Colleague: 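For reference, the structure I am asking about is given below.
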Protein chains: 2
Amino acid sequence: MRKNLAVSYSAAMRARLSDIAQQADVSEATVSRVLNDRPGVAPETRQAVLTALDVLGYERPARLRKRSAGLVGLVVPELDNPIFPAFAQIIESALAPTGYTPVLCTQTPGGVREDEYVEMLLDRQVSGIVFVSGLHADTAADHDRYRTLLARPLPIVMINGYAPGIPAPFVSCDDREAAELAVAHLVALGHRRIGLITGPDRFVPVQRKVSGYKAAMERLAGVDDDELAELTELSLFGVEGGEAAAGRLIERGATGIVCGSDLMALGAIRAARQRGMSVPEDLSVVGYDDSPLMAFTDPPLTTMRQPVAAMAVAAVRALVDEINGHGAPHSEYLFRPELVVRGSTAVARQDAASTQSGPGRQRPTPSALAVPA
Amino acid sequence: MRKNLAVSYSAAMRARLSDIAQQADVSEATVSRVLNDRPGVAPETRQAVLTALDVLGYERPARLRKRSAGLVGLVVPELDNPIFPAFAQIIESALAPTGYTPVLCTQTPGGVREDEYVEMLLDRQVSGIVFVSGLHADTAADHDRYRTLLARPLPIVMINGYAPGIPAPFVSCDDREAAELAVAHLVALGHRRIGLITGPDRFVPVQRKVSGYKAAMERLAGVDDDELAELTELSLFGVEGGEAAAGRLIERGATGIVCGSDLMALGAIRAARQRGMSVPEDLSVVGYDDSPLMAFTDPPLTTMRQPVAAMAVAAVRALVDEINGHGAPHSEYLFRPELVVRGSTAVARQDAASTQSGPGRQRPTPSALAVPA
DNA sequence: CTCGATTCTGCAAGTTCTTGCTGACTAATG
DNA sequence: CATTAGTCAGCAAGAACTTGCAGAATCGAG
């Protein structure tokens with residue numbers, strides 16, 4: 001075939017080695033060496049060829065894009081719950097000094113799913129992937145996908161969610177302890193009928209919160225299984241899910257509610273107000289995450305803080321270590337949550353606490369209407 | 001050189017066409033056609049070759065991956081301000097039905113910058129890029145970078161921020177009108193000494209807000225230039241910036257403050273409380289964005305809503321049209337903001353209106369503690 | 001200033017990939 | 001059942017790319 005035919009072939013009109021050689025004023029051989037990143041080319045010559053490449057719009061092969069070789073995928077489930085942008089932001093900051101470039105992938109309902117993003121990231125030749133609350137946290141999901149990744153091998157790190165049999169670092173907040181601490185806080189304030197609202201129980205963090213909640217309720221409030229079942233509401237994550245579940249718990253006489261996310265807690269507060277109740281006077285609510293802005297809510301939300309910064313740093317360090325080949329033992333690193341007491345919890349009303357005596361509608365204890373720090 | 005030499009060449013040991021042909025039981029020619037996405041190959045044969053490709057771990061060239069729809073870059077400046085995750089989420093949702101996969105790029109202080117992300121996106125052969133509050137909004141930045149992109153040609157769409165001379169669709173919220181509406185709202189409540197807090201004035205949206213604010217203040221409150229200068233505070237975006245600036249405005253006797261972001265508004269509220277003032281009794285605060293959760297703040301924030309959903313849909317449609325070659329005229333599409341009245345604004349205190357008596361320390365009027373909708 | 005060592009580039013001979021053309025096969029039609 | 005039109009894989013020519021080798025250029029030591 002004639003050359004001009006080839007040249008006019010596609011709209012892309014891929015430049016030939018010979019064109020680049022001409023542009024850079026070197027031989028094809030040199031261009032070829034540069035393109036394949038082989039030795040024996042002087043730095044200036046190499047740069048000249050690369051420049052010519054760009055001038056002619058030549059698509060650099062993947063191996064040459066080493067400059068951006070330091071890509072790291074960051075897969076988060078959504079952005080509605082502010083804890084996820086918070087994780088994303090902090091992980092990206094932690095990644096910056098390591099020289100890796102984060103590529104954030106967020107799933108949307110009806111949109112791109114985790115596997116598709118992973119495929120894209122692989123295609124993009126990422127050095128590793130961080131999964132935040134991904135399918136690894138879902139006991140109903142097939143975890144072979146992660147074993148396949150590790151077999152390539154591709155370093156991966158999981159945040160919040162544990163799945164046995166995946167030899168990778170897991171970084172989690174101790175959900176069990178968080179639930180226990182939240183219950184303990186409410187018990188200390190005199191609550192006994194304390195409800196739990198969290199998400200669908202196929203998720204590991206949900207299971208752990210339920211387990212911690214039940215243990216603490218039995219130990220600290222002396223509540224039996226039947227009552228526990230009545231006080232546990234699995235719902236959808238998000239404000240509306242929390243609102244609906246809280247409505248049911250309020251009707252069953254709960255005076256305190258532990259929520260699986262801050263958004264659910266805000267929904268619970270809304271449910272209480274719609275029934276003419278005040279928070280924290282009539283109902284105490286504890287959130288989970290301490291996502292941004294929770295100090296500014298009405299009332300400021302008492303919540304279990306996930307040590308997001310520490311977790312992000314640990315995850316990034318673990319990933320970079322894996323990439324460099326000195327991976328730490330593949331266990332789960334549990335981070336301790338911290339109770340942040342703000343204004344959505346208060347001493348239980350006497351008439352509702354376990355000893356049912358007390359007068360009816362007394363003034364609430366002065367709530368800790370803290371100026372947000 | 002001998003074949004085995006070539007084969008043992010690199011660790012990657014790139015599979016040859018002949019290997020794939022053998023694996024798929026077809027000729028090299030057929031493999032070549034598949035790899036280059038050329039016609040004349042039966043679908044089953046094509047699939048067989050692709051499978052063989054994967055079996056042998058052959059890295060598919062980028063053009064073949066195009067099959068997996070197009071990628072669209074989505075560049076946002078940060079995730080701390082919840083309006084940005086909100087934009088990202090909605091744009092991703094709007095993108096989903098079009099078949100494009102969003103790649104979210106967020107900048108972080110000290111981390112990856114816009115140009116680096118753009119380079120990576122180009123490298124990844126994205127079909128287009130959406131910039132949210134990017135450098136196009138910064139009058140101090142060089143806008144040639146965008147003209148270069150358009151010359152490739154690569155479709156781009158800008159959200160919030162306008163730069164003349166870039167022939168691309170711009171989708172913005174009408175900042176000028178937002179500022180005017182905010183001022184009008186406060187004037188209607190009896191305020192006259194109304195301050196403005198917003199970001200550094202090299203940003204187009206800031207300039208527009210300032211311009212709208214000044215126009216409205218002159219027209220509605222009859223304030224002269226000197227007083228306006230005293231009531232305008234340019235600060236850093238974010239809670240702390242708002243807090244610092246609000247402190248200065250309060251000292252100068254402002255009874256109402258219009259903020260350039262919701263975060264700044266929360267900072268302003270904090271500044272007021274630290275001085276023993278109540279919001280909205282002693283100080284009315286209007287935010288900007290109506291980012292998520294603002295209905296849950298204390299007090300619920302009165303704010304100017306950006307029609308995020310409509311803007312996202314418009315931006316996505318404009319981008320997809322550009323990609324498909326039927327671009328609309330490249331003008332700026334201005335979306336009208338909407339005043340959302342919640343609990344952070346109230347009628348001006350008599351002693352503080354027009355007659356300047358400075359912020360006293362008396363008890364506030366009963367607050368309109370609205371239940372968030 | 002000369003010489004040798006070293007680095008770098010181009011030549012040319014490979015190897016690999018692309019593509020026009022051909023013929024085999026299939027399905028529809030007479 | 002024969003014919004025709006269309007599709008599709010393979011052949012093989014040759015274009016594109018790679019690489020061993022040798023000569024040119026550079027640099028430092030003597």
Side-chain angles (χ1 to χ4, degrees), chain A residues 1-67 69 123 125, chain B residues 1-68 123 125:
Chain A
M1 70 225 67
R2 297 176 317 289
K3 188 169 190 175
N4 2 2
L5 191 75
V7 164
S8 68
Y9 221 77
S10 86
M13 202 178 92
R14 192 153 146 249
R16 310 282 172 205
L17 245 57
S18 54
D19 301 327
I20 299 158
Q22 198 176 3
Q23 171 77 26
D25 201 26
V26 296
S27 71
E28 287 184 32
T30 304
V31 176
S32 172
R33 275 188 271 264
V34 171
L35 283 176
N36 292 290
D37 213 17
R38 288 170 167 279
V41 180
E44 305 87 64
T45 312
R46 189 178 294 270
Q47 191 49 55
V49 172
L50 288 176
T51 306
L53 229 56
D54 289 339
V55 168
L56 295 179
Y58 188 95
E59 179 196 329
R60 300 186 182 191
R63 37 180 182 254
L64 234 209
R65 303 180 282 202
K66 273 219 185 82
R67 168 192 51 73
D123 197 50
Q125 311 217 78
Chain B
M1 75 224 69
R2 298 174 317 290
K3 188 171 191 175
N4 358 3
L5 190 77
V7 164
S8 68
Y9 221 77
S10 84
M13 204 178 92
R14 194 153 144 249
R16 311 278 172 214
L17 246 59
S18 54
D19 302 327
I20 298 158
Q22 198 176 3
Q23 171 78 26
D25 202 26
V26 296
S27 72
E28 287 185 32
T30 304
V31 177
S32 173
R33 274 187 272 262
V34 171
L35 283 175
N36 292 292
D37 213 19
R38 282 162 172 284
V41 181
E44 305 87 63
T45 312
R46 189 178 295 270
Q47 191 51 53
V49 172
L50 289 175
T51 306
L53 229 56
D54 289 339
V55 168
L56 296 180
Y58 188 95
E59 180 196 328
R60 300 185 183 193
R63 37 178 183 253
L64 235 208
R65 290 279 302 132
K66 269 195 191 120
R67 171 191 57 76
S68 79
D123 213 35
Q125 308 220 83

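No hydrogens, no waters, no symmetry mates; every other heavy atom, side chains included, goes into these values. Chain identifiers are assigned alphabetically (A, B, ...) following the order of the sequence lines, protein sequences preceding nucleic acid strands; residue numbering begins at 1 within each chain. Because the structure is predicted, anything quoted here is derived from the model rather than measured.
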Colleague: Among residues at least two apart in sequence or on other chains, which ones pass side-chain contact (heavy atoms from CB on, under 4.5 Å) with A:A24?
Modeller: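 A:A24 satisfies side-chain contact (heavy atoms from CB on, under 4.5 Å) with A:V26, A:V49, A:A52 only.
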
Colleague: From CD of B:E44 over to C1' of C:dC25, roughly how many Å is that when rounded to an integer?
Modeller: 14 Å

Colleague: Going by the rule side-chain contact (heavy atoms from CB on, under 4.5 Å), which residues pair with B:A29 if we only count those two or more places apart in sequence or in a different chain?
Modeller: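 B:A29: side-chain contact (heavy atoms from CB on, under 4.5 Å) contacts with B:S27, B:R33.
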
Colleague: What's the separation between atom CD1 in B:I20 and atom CG in B:D25, rounded to the nearest 0.5 Å?
Modeller: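 Reported value, rounded in 0.5 Å steps: 14.0 Å.
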
Colleague: Between A:E28 and A:S18, what is the shortest heavy-atom contact and its length?
Modeller: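 Result for this residue pair: OE2-CB, 3.5 Å.
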
Colleague: Using a cut-off of 4.0 Å on non-hydrogen atoms, how would the nucleic acid contact of A:V41 be classed: base, sugar-phosphate, or nothing?
Modeller: sugar-phosphate

Colleague: Under 3.5 Å between N/O atoms: give me all the protein pairs with nucleotides 10-12 of chain C, atom names plus distance.
Modeller:
residue, atom, partner, partner atom, Å
C:dG10, OP2, A:S27, N, 2.7
C:dG10, OP2, A:S27, OG, 3.2
C:dG10, OP2, A:T30, OG1, 3.0
C:dG10, N7, A:R33, NH2, 3.0
C:dG10, O6, A:R33, NH1, 3.4
C:dG10, O6, A:R33, NH2, 2.9

Colleague: Just checking B:Q22: does its CD atom have more than 12 heavy atoms from other residues, nucleotides or ligands closer to it than 6.0 angstrom?
Modeller: no

Colleague: Between P on D:dC8 and CZ on B:R38, what's the gap in Å once rounded to a whole number?
Modeller: 16 Å

Colleague: Please enumerate all residues that pass side-chain contact (heavy atoms from CB on, under 4.5 Å) together with B:S32, with sequence neighbours excluded.
Modeller: B:L17, B:N36

Colleague: A:D19 CG to D:dA16 P: how many Å, rounded?
Modeller: 9 Å

Colleague: How many Å lie between CG on A:L35 and P on D:dT19, as a whole number?
Modeller: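 Rounding to the nearest Å, CG of A:L35 and P of D:dT19 are 12 Å apart.
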
